[in-house]
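Here is how names work: the chains are called A, B, and so on, in the same order as the sequence lines, proteins then strands, and each is numbered from 1. Just so you know, these numbers use all the heavy atoms, side chains as well, and skip hydrogens, waters and symmetry mates. Please read these numbers as outputs of a predicted model, since none were measured by experiment.
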2 protein chains.
Amino acid sequence: METLETANKPTTERILEAAEGLFAAQGIRGTSLKEITELAEVNIAAVNYHFRSKDALVRAVFERSFEPLNAERLRMLGEAENGGGPLTLERVLRALFEPMLRAWQTNRNFILLVGRLQSEPDAELTNHIHGLYVPLIERFLRAARRAAPDVPENELFFWIHFLFGGVVYTLLNSQDMEKMHPGQNPIDTTEAFLHDLIAFGTAGLRSRSQSQPRRS
Amino acid sequence: METLETANKPTTERILEAAEGLFAAQGIRGTSLKEITELAEVNIAAVNYHFRSKDALVRAVFERSFEPLNAERLRMLGEAENGGGPLTLERVLRALFEPMLRAWQTNRNFILLVGRLQSEPDAELTNHIHGLYVPLIERFLRAARRAAPDVPENELFFWIHFLFGGVVYTLLNSQDMEKMHPGQNPIDTTEAFLHDLIAFGTAGLRSRSQSQPRRS
DNA sequence: GTCTATAACTAGATAGAC
DNA sequence: GTCTATCTAGTTATAGAC
């Protein structure tokens with residue numbers, strides 16, 4: 001385990017960076033405070049001094065990672081809604097996925113943290129992060145409804161989540177997929193993947209238009 | 001934590017059932033052998049007697065859960081290939097997803113275990129399970145290629161994985177989605193979800209036909 | 001095969017000196 | 001703010017009686 005370029009960053013920042021990397025690589029339960037403080041080159045007692053507990057540190061790491069991403073998503077959606085030109089499904093999907101792919105491109109930790117969240121069943125943490133996402137989801141769902149009024153709302157809600165899951169899964173497994181089929185991985189360039197993802201998603205969503213919702 | 005209907009099942013079976021449920025609900029690292037043996041109503045030392053270690057028990061639980069499922073997938077795929085009628089993309093996707101959805105319908109533990117696998121970064125376990133899947137993936141990819149020769153192979157490989165990820169994600173989060181939009185969850189009946197999933201997936205995949213692969 | 005008892009270890013958290 | 005030392009509780013695994 002190598003050390004970080006800690007330079008003269010403050011202790012809390014060093015801890016957050018080390019924790020983010022280790023949570024991403026090893027999971028939350030799989031990472032001890034000892035490992036974090038060793039990588040951050042701070043004393044073992046510093047975590048409980050600057051944060052209150054391991055749980056509080058975990059929440060801080062996730063918030064630091066997710067909040068700027070969601071802010072950028074909302075910014076892009078606002079631009080799509082008010083920036084002239086029609087509000088298309090393509091632009092809504094782009095506002096949702098482009099910031100995520102850019103984040104992934106510069107720092108793979110982000111998507112790994114999303115994966116940890118999916119399967120480390122810490123109810124408190126899950127609810128906490130969930131709260132960050134609810135207003136975002138509502139905003140995007142309203143926009144998608146405007147952009148594709150002929151697709152039933154429950155279908156929009158469901159299939160956008162489905163697409164989100166597909167993206168998370170393929171990013172999480174991109175190394176394994178590369179190993180299985182070298183050179184056949186379409187996510188080697190963000191822009192190309194984004195383009196194909198939007199094509200795939202809108203084709204799937206539009207195939208659901210006109211159809212009746214299955215529940216009244 | 002309730003006890004299982006252990007009846008007069010042998011000790012190993014009791015341990016496997018208890019471990020499966022707890023791994024699904026709490027994760028692997030989040031579950032101690034003490035919890036497992038208490039739920040199974042066997043002695044704490046029984047695990048190390050019947051299995052060799054916690055790791056060996058974990059592998060046994062996952063194999064027991066995944067192997068019959070993959071056998072059924074291959075059976076359905078063989079039927080689609082040799083049972084008369086053309087081999088369509090629809091039938092390939094159905095062979096891949098129908099057994100998974102049926103398993104989910106009768107025992108939600110299965111999909112939760114898939115989720116644990118995604119994010120508990122135990123390299124040994126991941127590689128072990130990975131080995132179970134490689135031949136399956138190759139078989140399905142060959143069939144998909146026959147069914148959709150006009151879609152580039154790398155796209156088939158990628159988007160089928162993508163669909164798999166979407167299914168895993170939506171099943172994993174089906175309770176949360178139900179909470180967010182009550183009554184708008186299309187996976188309340190397996191057959192309806194399967195039908196729509198195949199429609200969505202084939203629409204997406206067919207939108208990729210004719211296009212050039214992005215890498216030579 | 002099943003049990004008790006315990007070994008050997010690691011975790012998160014804290015008290016108190018500096 | 002930072003350190004050492006230590007506490008308490010939990011973990012897997014095993015030895016050995018029954």
| message | Rounding to an integer number of Å, can you tell me how far L57(A) CG sits from dA13(C) P? | response | 10 Å
| request: Mind checking salt bridge (charged side-chain N to carboxylate O under 4.0 Å, His left out) for R59(B) and listing every partner two or more places apart, or none if nothing turns up? | output: none
| note | To the nearest angstrom, the CD-P distance between E41(A) and dC3(D) comes to 11 Å
| field | End axis versus end axis in the helix from dG1(C)-dC18(D) to dC18(C)-dG1(D), the angle rounded to 10°, five pairs used at each terminus | value | 10°
| By side chain to side chain donor-acceptor pair (under 3.5 Å) - contacts of T31(B) (at least two apart) | Q26(B)
| message | Tell me whether the rings of F193(B) and W159(A) are parallel (<30°), tilted (30 to 60°) or perpendicular (>60°). | response | tilted
| Tell me the side chain to side chain donor-acceptor pair (under 3.5 Å) pairs involving residues 47-56 of chain A, sequence neighbours left out? | none
| field | salt bridge (charged side-chain N to carboxylate O under 4.0 Å, His left out) assessment of E90(B) paired with R94(B) | value | CA-CA 6 Å; E90(B) 280 82 356; R94(B) 180 171 286 268; over 6 Å; no
| Does T11(B) put a side-chain nitrogen or oxygen below 4.0 Å from OP1 or OP2 of dG1(C)? | no
| task | Measure from the ring center of F110(A) to the ring center of F66(A) and say whether it is less than 6.0 Å. | result | yes
| said: From CD of E38(A) over to P of dT10(C), roughly how many Å is that when rounded to an integer? | reply: 12 Å
| query | Taking CD1 from I36(A) and P from dA11(C), how many angstroms apart are they, rounded to a whole number? | reply | 11 Å
| said: Are Y169(B) and F162(A), when compared by the centres of their aromatic rings, separated by less than 6.0 Å? | reply: no
| field | B/S/- contact track for nucleotides 4-18 of chain D, protein heavy atom under 4.0 Å | value | B------SSBB----
| field | Under the salt bridge (charged side-chain N to carboxylate O under 4.0 Å, His left out) test, residues paired with E81(A) that sit two or more places apart | value | R139(A)
